[in-house]
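Each remark here refers to the structure printed beneath this line.
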Amino acid sequence: MAMYDNLLANVPTDLWIGGKWRKASDGARFDVIDPATENKVASVASASVEDAKAAIDAAHGAFEGWAAKKPRERGEILRKAYELIVRDAERFAKLITIENGKALSDSKGEVLYSAEFFRWYAEEAVRNIGEVYKAPASGARVVVQHKPAGVAVLVTPWNFPAAMATRKIGPALAAGCPVVLKPASETPLTMLALMPLLEEAGVPAGVVNVIPSRRSGPVVSAMLHDPRVRVVSFTGSTEVGRKLLHEAADSVLKPAMELGGNAPFIVFDDADIDAAIEGAMIAKMRNMGEACTAANRFYVHEKVHNEFAKKLTDKMAGLKMGNGLDDGVALGPLVNAEGRDKVVELVADAVSKGATVLTGGKAPGGPGFFYPATVLTNVPDGAKMLNEEIFGPVASIQTFTSEDEAVKRANDTEYGLVAYLYTKDLTRGMRVSEKLDFGMIGLNRGLVSDPAAPFGGTKQSGLGREGAHVGLMEFLETQYISVSW
Ligand code: NAD
């Protein structure tokens with residue numbers, strides 16, 4: 001543990017409820033593991049159902065005061081929070097690498113991206129704009145305003161411990177809603193470490209509460225059945241999202257669901273291949289492939305397949321794998337043994353069905369949950385990795401011959417989060433983009449995430465959008481007042 005001492009010495013490990021640190025009601029705790037070394041790095045309080053109720057009490061108690069603040073005041077607090085995260089970016093980046101494993105360069109990118117949600121929603125807090133018009137039949141005035149929806153429960157995954165949470169906290173606070181956040185058990189430290197900064201920025205006690213827990217099911221369920229809760233915003237797997245949607249139905253909560261993906265990456269024969277490789281490396285390898293937006297299926301026109309496969313293989317083989325804290329490392333470990341074993345299994349399945357390994361394909365021994373950058377081609381249609389999220393550094397390539405075929409195969413999935421395509425013909429690019437049933441399209445780009453843009457998916461990739469102005473609306477209720485004057 002010695003190598004982390006300085007960094008971990010001041011990181012809080014208890015529950016943050018009503019502006020105070022406290023232990024779990026029954027004293028329960030769980031371990032956080034560094035995926036690069038398999039060392040225990042912290043022991044964190046594990047919230048009970050009773051603690052979850054206390055967090056809702058705190059959030060509910062803070063609601064009136066926070067909602068009554070002038071939008072500009074809320075905006076300025078968010079702006080300050082943005083500045084404080086940027087000030088401490090290095091420390092947060094290291095913390096993310098320690099608990100999640102990703103390379104420090106990825107962690108730095110995530111920290112700045114996560115801070116941007118506070119800057120963007122500092123600006124959106126003052127743009128909660130309603131409207132007034134005359135009802136055509138009665139002549140009454142229709143006054144429309146948007147009010148904070150109420151206490152929001154936020155549940156986030158481990159793959160972006162900072163950004164998936166600030167993408168929810170930012171708009172919730174801008175709208176005037178207090179929140180209770182349950183971060184993923186693999187990566188609770190980043191959000192706990194953020195709390196003193198939010199306090200310093202001026203967020204009042206009770207407005208943001210953080211309750212890590214190893215008892216996610218009962219804890220989240222208790223909160224979703226509390227009548228004071230009005231919003232549930234979840235990012236994670238489609239499987240858990242579906243479950244929470246069922247629970248949200250019991251109290252008719254406003255749901256926002258950012259779920260799984262199975263992104264196609266289409267390379268047409270007229271594409272700039274070097275640009276496509278650059279985009280592919282980002283779309284596939286950001287976060288070691290542990291991203292909902294990760295390119296999961298490469299469809300490459302048969303005329304350019306060999307060039308694309310060779311160039312991608314060269315780049316992938318050149319990535320340095322190791323402890324994400326070390327200089328020059330581009331590929332850290334996967335988050336845990338389960339994640340690594342799933343990748344091992346998916347690759348074995350594809351190879352047993354006829355796929356060819358161009359590089360990688362073999363997990364090294366421990367310690368650490370490492371898996372090398374891998375490229376597979378001739379991946380047969382029946383391979384499991386074409387239907388499931390790989391969530392690892394594995395590119396699977398298939399070829400196509402016609403535009404219609406590429407679109408049909410890309411759309412042949414229950415997911416609809418993001419699709420990427422490369423072509424120099426912008427008319428084709430727009431035509432194909434419109435035919436792709438995905439919430440987001442990267443056209444000649446390998447990265448779509450942007451706080452100013454609506455992030456979200458169609459089909460089983462989710463409901464609602466985060467970021468942009470529409471992200472604010474997820475935390476607002478529309479009220480209309482019919483007036484005679
Ligand atoms: P997960 O669904 O296992 O867990 C997400 C969160 O839900 C965690 O906090 C977890 O503790 C909690 N949880 C688990 N079971 C629960 C239950 N029964 N009741 C209540 N809460 C429960 O997902 P994960 O493994 O942490 O993250 C990976 C998944 O997240 C992938 O499927 C990925 O595609 C998805 N993801 C989606 C987006 C997006 O914006 N669409 C972004 C990042 C990750």
Side-chain angles (χ1 to χ4, degrees), residues 30 32 35 44 46-47 49 52 99-100 102 110 113-114 117 153-168 180-188 190-191 210-225 232-248 253 255-263 286-296 334-340 342 387-392 413-418 438-440 448-451 453-467 471 474:
F30 64 92
V32 178
V44 169
S46 178
V49 165
E99 62 177 352
N100 165 282
K102 68 178 80 173
E110 182 189 345
Y113 174 54
S114 70
F117 287 101
V153 169
L154 316 179
V155 182
T156 52
W158 49 262
N159 61 346
F160 292 92
M164 296 303 95
T166 60
R167 195 162 79 176
K168 300 180 190 303
V180 178
L181 168 71
K182 200 221 66 76
S185 315
E186 292 82 353
T187 56
T190 303
M191 275 305 109
V210 182
I211 54 163
S213 178
R214 256 291 150 99
R215 300 170 265 196
S216 312
V219 158
V220 173
S221 179
M223 294 195 286
L224 300 193
H225 288 96
V232 54
S233 179
F234 172 78
T235 297
S237 60
T238 296
E239 188 189 349
V240 175
R242 226 180 257 130
K243 190 173 167 296
L244 297 191
L245 268 175
H246 278 288
E247 300 215 39
L253 297 183
M257 295 281 147
E258 294 291 349
L259 309 178
N262 180 6
R286 195 163 66 112
N287 244 23
M288 290 95 64
E290 292 175 315
C292 52
T293 50
N296 214 57
L334 298 179
V335 74
N336 53 27
E338 198 187 340
R340 191 257 328 267
K342 181 178 174 196
N387 292 315
E388 287 177 32
E389 290 184 292
I390 300 171
F391 246 58
T413 168
E414 72 196 42
Y415 295 108
L417 191 60
V418 57
F438 291 81
M440 301 177 287
V448 293
S449 306
D450 185 330
F455 188 105
T458 61
K459 300 197 269 187
Q460 298 204 28
S461 285
L463 291 174
R465 293 293 182 270
E466 293 189 325
E474 302 282 348

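Each ligand, and each atom within it, is numbered from 1 in the order the structure gives. Remember, predicted model here, so these are calculated numbers, not experimental data. Quick note: residue numbers are just sequence positions, from 1.
Counting protein heavy atoms only, atom 36 (N) of ligand 1 is closest to C292 CB, 3.5 Å. From the protein, the heavy atom lying nearest to atom 27 (O) of ligand 1 is P157 CB, 3.3 Å. For atom 32 (O) of ligand 1, the closest non-hydrogen atom of the protein is E389 OE1, 2.6 Å. Atom 18 (N) of ligand 1 has K243 NZ, 3.5 Å as its closest protein atom, hydrogens excluded (heavy atom only). Considering only non-hydrogen protein atoms, atom 15 (N) of ligand 1 sits nearest to V240 CG2, 3.6 Å. Summary of contacts: the protein heavy atom closest to atom 2 (O) of ligand 1 is S237 OG, 2.6 Å. Of the protein's non-hydrogen atoms, the one nearest atom 33 (C) of ligand 1 is F391 CZ, 3.4 Å. The nearest protein atom to atom 25 (O) of ligand 1, hydrogens excluded, is given as W158 NE1, 2.8 Å; this is a heavy-atom distance.
For R167, every heavy-atom contact with ligand 1 shorter than 4.0 Å involves the side chain, none the backbone. The proximity of N159 to ligand 1, defined as any non-hydrogen pair under 4.0 Å, is limited to the side chain. By the criterion of a heavy-atom distance under 4.0 Å, neither the backbone nor the side chain of F160 is placed next to ligand 1. Under 4.0 angstrom from ligand 1, the non-hydrogen atoms of L259 all belong to its backbone. Contacts between E466 and ligand 1, counted as non-hydrogen atom pairs separated by less than 4.0 Å, are absent for every part of the residue. If you look at V155 next to ligand 1, the close heavy atoms, those under 4.0 Å, all belong to the side chain.
Counting the atoms of ligand 1 from 1 in the order shown, those under 4.0 Å from a heavy atom of L244 are 19 (N), 20 (C). Contact atoms of ligand 1 toward M164: 42 (C), 43 (C) (distance under 4.0 Å to a heavy atom of the residue). Atoms of ligand 1 found under 4.0 Å from any heavy atom of V220 (numbered from 1 in listed order, with element): 20 (C), 21 (N). Residue-ligand proximity, G217 to ligand 1, at heavy-atom distances under 4.0 Å covers atoms 17 (C), 18 (N), 19 (N). Each of the atoms 9 (O) of ligand 1 lies under 4.0 Å from some heavy atom of P183.
T187 pairs with exactly one of T156, N159, V32, N100 by the side-chain contact (heavy atoms from CB on, under 4.5 Å) rule, that one being N100.
The nearest pair of heavy atoms linking P161 to E99 is CB-OE2, 4.1 Å.
In this structure, N296 contributes its side chain and E388 its backbone to a donor-acceptor pair below 3.5 Å. Without hydrogens or angle criteria, N262 side chain to T413 main chain gives no donor-acceptor distance under 3.5 Å. Panel note: side chain R167, backbone F117; no donor-acceptor pair is recorded below 3.5 Å. Checked by atom type and distance alone, the side chain of S461 never pairs as donor or acceptor with a backbone atom of L259 at under 3.5 Å.
Residue E110 holds its CD atom at 8.5 Å from CZ of R286, rounded to the nearest 0.5 Å. E389 CD to T238 OG1: the interatomic distance, rounded to the nearest 0.5 Å, is 6.5 Å. Distance CE/M440 to OG1/T458: 9.5 Å, rounded to 0.5 Å. In this structure, CZ on F391 lies 9.0 Å from OG on S237, to the nearest 0.5 angstrom. Here the CG-OH distance, from N387 to Y415, works out to 9.5 Å after rounding to the nearest 0.5 Å.
Residues E338 and K342 are not paired through a salt bridge, judged by the lack of any N-O separation under 4.0 Å between the basic side chain and the carboxylate. The existence of a salt bridge linking E474 and R465 is excluded, since no basic side-chain nitrogen approaches an acidic carboxylate oxygen closer than 4.0 Å.
Residue contacts with ligand 1: T156 is placed with a nitrogen or oxygen under 3.5 Å of a nitrogen or oxygen of the ligand (distance criterion only). For ligand 1, one of its N or O atoms has an N or O atom of K182 under 3.5 Å away.
Between atom 13 (N) of ligand 1 and the options G456, G261, S216, the minimum heavy-atom separation is to S216. Comparing G462, G236, G241 against atom 30 (O) of ligand 1, the shortest heavy-atom distance belongs to G236.
Residue contacts with ligand 1: G457 is excluded, as none of its non-hydrogen atoms falls under 4.0 Å.
Residues L245 and L463 meet the side-chain proximity criterion, which asks for heavy atoms closer than 4.5 Å.
The side-chain tip of K102 points at the ring of F160 from less than 6.0 angstrom away and within 45° of straight on.
By the definition of a contact as any protein heavy atom under 4.0 Å away, atom 9 (O) of ligand 1 is in contact.
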